[in-house]
Undergrad: 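Sharing a structure, written as C-alpha cells. Questions coming.
Side-chain atoms are counted along with the backbone in the values below, which use heavy atoms only and exclude waters and symmetry mates.
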Amino acid sequence: MQQGTNLPKVGSYNRAVVLEAIQASDGISRVQIASVTGLTAQTVSVIVRRLLEEGLVIEDGSAPSNGGKPRTILRIDAQAGYAVGVHFDPQELSCVLADLAGRPIARLRLKVRPRARPDAVIRQMARAARRILREARVPDGKVLGVGLACPGPLDGEGVMVSPPRLPDWDRVPIKALLREYTRFPVTVDNDATAAAIGERWAGIARSAPGFAYLYLGTGIGGGLFLDNQVYRGGSLNAAEFGHITVEPEGPACYCGNRGCVEAVCCPSAIEAALPALSHAAICAAAAAGEPEARRVIERVAARLADAAVSVVNMLDIDLLVLGGPALREVGEIYREVIARAVAERPLARRLHTVRVETSPIAADAAAIGAASLVFHATYAPRLGALLSG
C-alpha cells in the first residue's frame, strides 16, 4: 500500500492514494485509511468527502470500533464508471467490459482473419467495443475509455515498432487509430504489462508493493510492479522475461539469441515436442495425467522456473503471478514446478518466502488488464504527480 504525504500541493496524489486504499480493501474505514496511508485523519476526511460527492465511493455499513461510535465502511462504487478492454492477439480479439471494481460484466471473442490488414483489424476492435457497450446498455457518458493490450514493442505514442509476430504492423499508430474509430480515450500497453496492471487493480496483487507477472500466451512476456509503481523501463518495454536465456545451446530465437524462454516454452515449441497434437490437446492430455504430455509440460515448466529464479534473485520480490491463456488446464502444473524452484534456489530464500500464484483471471488476464489500464491511468497514484504538484 502506498504512503501519502502531508506536504502542501499534493492533493491529487493524496486523493489517488486514498482511492487506492479503498479499492484494494474489501471495505475500509477512515481510521484504517489513515493508518495504511500515513495521512492525517483530517486529510483523509476531506478527501473521502470529495470522493463521496463525486460518486466514486459509497458508505456501506459499519464496523465495531474500540470504544465510541461504529466506524463507517467505505467501498468503491463499482457502477461509477466502466472501461472496455481489448486484447489483440494475432489470432483473436478478446473484449471485456469491466466496472470500476475491475469486475468483467460482459465478454466478447472474435477471430482475426489471417493476414488481415492493420486498419481492418483496428476497425474490428472498434466495432467490438461499440457492440459490447450496446449489448450491456452502458451509455457513453459512463465510459472512462478503452484500454488496449497488444503485442509489443510499443513506443511512447502507442505506435507498434517491428512486432516480431506481426510483420505487417511495423509503425502502425494503433492507439491513435483506435481512438479515432471508437471516439473514446484510449490507453495502450503491451499485453503482459496490461495483465499485471489488471492483477494489481482487481486480482490477487492488489496490496502487493512489488511483484512480477509472468504472462504465457502466443509468446511469453512479463510485467513488473516495484515499490507500488508499474515499471516500464526507458523505452516502455521492460520485463521481457521471455528473452532470458535458459538453454545456451538451444534453438535460435527471433530476438537474435539462442535458447530464450520463449523459444523453448511457447505453445509452438510445445507442439514441436509432440507434433501430432495441438497445444490445447497436449495441455488437456497433461492435465488428465497422460505421461508423455505431462513430461513435456513439466520440462517446459522447469525452464520457466529457471527464468523465475533469476527474476526473484534480481528483483527480491515477494510475489510471482502466473497468467495468460496458455495456462488453461495446466496452470497448476506450472505453479507447482515454479513454486518449488523459487522456494529452494534463490539466494535470499532463508530471509523470505516468495509466493507463486496462478491468476484467478488467467485466461482473460490481458483483456481484463486492458480495461484496468484505463482505471489505473485515471485513478492510480503516480509519483509524477508529486513533481507536478
Undergrad: If you draw a 6.0 Å radius around CD in E54, do more than 12 non-hydrogen atoms from other residues or ligands fall strictly inside?
TA: yes
Undergrad: With sequence neighbours left out, what residues match D191 under salt bridge (charged side-chain N to carboxylate O under 4.0 Å, His left out)?
TA: none
Undergrad: Applying side-chain contact (heavy atoms from CB on, under 4.5 Å), can you list everything that pairs with I58, at least two apart in sequence or on another chain?
TA: R75, D77
Undergrad: Do the side chains of M125 and L93 get nearer than 4.5 Å, heavy atoms only?
TA: yes
Undergrad: Please evaluate residues N228 and R200 with respect to the criterion side-chain hydrogen bond (donor to acceptor under 3.5 Å, both in side chains), reporting the C-alpha separation (whole Å), side-chain torsions for both, the decisive distance (0.1 Å), and the verdict.
TA: CA-CA 9 Å; N228 291 295; R200 172 71 172 194; 2.9 Å; yes
Undergrad: Aromatic rings H87 and Y215: how do their planes relate, parallel, tilted or perpendicular, breaks at 30° and 60°?
TA: perpendicular
Undergrad: Check the side chains of H352 and D318 for a donor-acceptor pair under 3.5 angstrom, ignoring hydrogens and angles.
TA: yes
Undergrad: Does the side chain of T193 come under 3.5 Å of the side chain of N190 through a donor N or O and an acceptor N or O?
TA: yes
Undergrad: E240: what forms a salt bridge (charged side-chain N to carboxylate O under 4.0 Å, His left out) with it, not counting sequence neighbours?
TA: none
Undergrad: Does one side chain, of Q23 or Y379, offer a donor that lies under 3.5 Å from an acceptor on the other?
TA: no
Undergrad: Of all residues at least two apart in sequence or in a different chain, which pass the salt bridge (charged side-chain N to carboxylate O under 4.0 Å, His left out) check with E298?
TA: R294
Undergrad: Residues in side-chain hydrogen bond (donor to acceptor under 3.5 Å, both in side chains) with E357, at least two apart?
TA: R355
Undergrad: Who are the side-chain contact (heavy atoms from CB on, under 4.5 Å) partners of S278, not counting sequence neighbours?
TA: E271, A280, A281
